[in-house]
Amino acid sequence: PAKVAVLISGRGSNMQALVEHADDAYEIVVVASDRPSAPGLAWAIQHGLPTFALSPKGIGKPVFEAALDGALREAGAEWIALAGYMRLLSDEFVAKWHGRIVNIHPSLLPKYKGLDTHARAIAAGDTVGGCSVHVVTEELDAGEVLGQREVAIESDDTAETLAARVLEAEHQLYPAVLKEFVRR
Ligand code: GAR
């Protein structure tokens, strides 16, 4: 199986979906977090996964990213899957892993890059939202889209109710797209 590192910052539900769907296509070799208190990290530890946690606070981004890079390589990672990782990776880091980092984003890219995607889709009167898995490049949320799932937006949806339905679609989309991607 392809060796995948998952990077998280919080809840980690997409990381859980990736772990639960791992098979001969890919295996999760390390879960790394930039927030040592991330709930997803506790889940990963409880499930016996190798983990790495380091906050960039006080050490600066270059030192933080060098340590992260070292931990991922130490774990044997060949690919990186961002799963609710809420910190921008530097151009230097992305270049080192060129074409080997993917991300899941809660919108139908190229619509709604960045934050507050569901509130923006509702405010725009969209009737369809969804999620995208894309290759990470130096430009935010702009790399090649590898797969998408659409979710209908209902007239009584709030950002929260829509986010919950899109999240279920994310959990199905991400493992499936990752399996295809690592076969490239
Ligand atoms: C997910 O909805 C993911 O698409 C989004 O954060 C959530 C993380 O949830 N990611 C981004 O907004 C990236 N900019 P999770 O921690 O439960 O996977």
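Since this is a predicted model, take the numbers as computed values, not measurements. When a ligand or atom number is given, it counts from 1 through the structure's own listing order.
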*Does any donor atom in the side chain of Thr117 or His105 lie under 3.5 Å from an acceptor atom in the other side chain?*
no

_I want to check something: taking the side chain as every heavy atom from C-beta on, are Leu108 and Glu150 in contact at a cut-off of under 4.5 Å?_
yes

*asked:* Tell me which pairs pass side chain to side chain donor-acceptor pair (under 3.5 Å) where either residue lies in residues 122-132, with sequence neighbours left out.
replied: Lys111-Asp126, Tyr112-Asp126, Ser132-Gln148

*Whether Asp141 side chain and Gly114 backbone form a donor-acceptor pair below 3.5 Å*: yes

Enumerate the pairs of nitrogen or oxygen atoms, one from ligand 1 and one from the protein, separated by less than 3.5 angstrom; state names and distance to 0.1 Å.
residue	atom	partner	partner atom	Å
ligand 1	2 (O)	Glu170	OE1	3.2
ligand 1	2 (O)	Glu170	OE2	2.9
ligand 1	4 (O)	Glu170	OE1	2.7
ligand 1	4 (O)	Glu170	OE2	3.4
ligand 1	9 (O)	Arg11	NH2	3.0
ligand 1	16 (O)	Gly12	N	2.8
ligand 1	17 (O)	Arg11	NE	2.6
ligand 1	17 (O)	Arg11	NH2	3.2
ligand 1	17 (O)	Ser13	N	2.8
ligand 1	17 (O)	Ser13	OG	2.6
ligand 1	18 (O)	Ser13	N	3.4
ligand 1	18 (O)	Asn14	N	3.0
ligand 1	18 (O)	Asn14	ND2	3.0

*Between atom OG of Ser55 and atom CZ of Arg35, what is the distance when rounded to the nearest 0.5 Å?*
9.5 Å

*Shared hydrophobic cluster for Val31 and Tyr174 (ILVMFWY, side-chain gaps under 4.5 Å)*: yes

